[in-house]
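A quick write-up on the structure given underneath.
Residue numbers begin at 1 in each chain, while the letters A, B, ... track the order of the sequences.
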Protein chains: 2
Amino acid sequence: MPPVEIRNTLKDHGLRVTPQRVAVLQAIMELRDHPTAEQVIDFIKAKNPNIAVGTVYKILEMMVENGLIRKVKTDRDVMRYDTVIESHHHLYCHDSDRIEDYFDEELDHLLDDYFKGKKIPGFSIQDIKLQIVGKFSKTNK
Amino acid sequence: MPPVEIRNTLKDHGLRVTPQRVAVLQAIMELRDHPTAEQVIDFIKAKNPNIAVGTVYKILEMMVENGLIRKVKTDRDVMRYDTVIESHHHLYCHDSDRIEDYFDEELDHLLDDYFKGKKIPGFSIQDIKLQIVGKFSKTNK
DNA sequence: GTGGTTGCAAACCCTTTGCACGGCA
DNA sequence: TGCCGTGCAAAGGGTTTGCAACCAC
């Protein structure tokens with residue numbers, strides 16, 4: 001995603017455009033594999049060593065609150081970030097700690113239909129997220 | 001669960017029985033709602049102020065490794081624990097940070113069938129966990 | 001101009017670790 | 001008795017916070 005589009009994304013959400021914010025968003029997109037805050041920081045520091053750790057954390061939190069990115073958590077303990085905003089599922093491998101987004105409309109419909117017929121007492125559903133745990137084959141990526 | 005059964009649970013897993021271990025397991029069971037380590041510690045300290053924080057963390061980790069309990073993670077950042085070992089799903093409410101276990105064999109079969117017919121390229125599935133996000137109705141619990 | 005942002009460093013919180021003592025088998 | 005488990009306190013790692021200087025609007 002070119003910088004211009006990133007700036008517009010920020011503007012569209014009514015947020016000020018600063019070099020740091022552009023850099024953070026760009027970093028998450030280029031890193032792709034649900035990077036940690038640390039990975040984002042390292043990525044940015046390579047070109048722009050002056051950025052502060054605290055700033056990146058503040059920006060990440062701000063973007064999550066404004067719906068530009070999402071938090072993802074595995075069974076390990078560091079927070080990770082995802083640029084994909086639409087509802088989707090995750091493939092996860094314990095061994096490699098790798099996360100991959102998984103989209104499946106057919107599955108979503110199946111689940112929709114299922115829970116249309118079967119209500120859960122005392123609970124109203126807003127979103128359903130699958131964590132599909134398993135192993136990636138080594139040749140992949 | 002009476003203390004005697006808890007002791008047997010430990011023995012069955014080839015673990016030594018100590019008062020601290022019994023207390024931790026009992027605490028998680030009585031607290032029910034997927035307690036944090038801190039909640040477990042507070043619960044135990046009410047009766048037995050001498051237990052050490054580090055000890056509880058060591059015991060929790062040990063029990064996870066031995067399959068007596070499970071770690072549960074939300075988008076917030078503290079670890080929580082679950083006594084339910086069998087594969088199951090979670091109902092989760094962001095507002096209250098409440099987690100409830102959800103069992104649904106019919107759903108499990110539906111998913112099994114679905115993924116029997118539809119393989120995911122480059123990935124072999126071991127387990128599927130749903131995080132059903134929504135709201136608990138206020139009357140419930 | 002001015003109020004939101006940044007950089008910096010210290011503080012924070014949860015969790016882990018090291019080690020000497022103590023207790024289960 | 002021997003060794004694992006515990007208590008304690010300090011360290012660790014990731015994240016948050018306070019505040020003065022700064023800059024986008």
Hey, are the side chains of A:I69 and A:D82 touching, using non-hydrogen atoms and a 4.5 Å cut-off?
no
5' to 3' contact window, DNA chain C with chain A (heavy-atom distance under 4.0 Å):
C:dG3 to C:dC8
Is any side-chain heavy atom of B:Y81 closer than 4.5 Å to a side-chain heavy atom of B:L60?
yes
State, yes or no, whether a side-chain contact exists between A:K45 and A:I51 at a heavy-atom distance under 4.5 Å.
yes
Could you check A:V78 against A:L15 and say which one's nearest nucleotide on DNA chain D is further toward the 5' end?
A:V78
Earlier contact from the 5' end, DNA chain C, for B:T36 and B:K11
B:T36
Regarding B:P19, tell me which of base, sugar-phosphate or nothing describes its non-hydrogen contacts under 4.0 Å with the strands shown.
sugar-phosphate
With a 4.5 Å limit on heavy-atom distance, are the side chains of B:I128 and A:V133 in contact?
no
Between A:R70 and A:V84, is any pair of side-chain heavy atoms under 4.5 Å apart?
no
Would you mind telling me which of D:dG14, D:dT6, D:dT15 lies closest to the side-chain atoms of A:V53?
D:dT15
Where do A:D127 and A:S87 come nearest, in terms of heavy atoms and distance?
OD1-OG, 2.9 Å
Is it possible for you to check whether B:R98 lies under 6.0 Å from the centre of the six-membered ring of B:F136, through NZ or CZ, and within 45° of that ring's axis?
yes
Nearest-nucleotide 5' precedence on DNA chain C, B:T18 against B:M79
B:M79
Short side-chain donor-acceptor distance under 3.5 Å, B:D104 and B:H88
no
Side chains of B:L107 and B:L111, heavy atoms from C-beta outward: is any pair under 4.5 Å?
yes
Quick one: sort the B:H34 and B:H90 rings into parallel, tilted or perpendicular, breaks at 30° and 60°.
perpendicular
To the nearest Å, how far apart are B:N48 CG and D:dC8 P?
10 Å
Let me know the distance between CZ of A:R16 and P of D:dC25, rounded to the nearest Å.
7 Å
Could you write out DNA chain D as a dot-bracket string, with dots for unpaired bases, | for bases paired across to another strand, and Watson-Crick or G-U pairs counted at under 3.5 Å?
|||||||||||||||||||||||||
Choose from D:dG7, D:dT6, D:dG14 the nucleotide whose nearest atom is closest to any side-chain atom of B:R21.
D:dT6
From NZ of B:K73 over to C1' of D:dG14, roughly how many Å is that when rounded to an integer?
11 Å
Would you call B:Q126 and A:H94 a side-chain contact if the rule is heavy atoms closer than 4.5 Å?
no
Selection: residues 54-67 of chain A, any non-hydrogen atom under 4.0 Å of DNA chain D:
A:G54, A:Y57, A:K58
Using whole Å, report how far CD1 of A:I41 lies from P of D:dG13.
15 Å
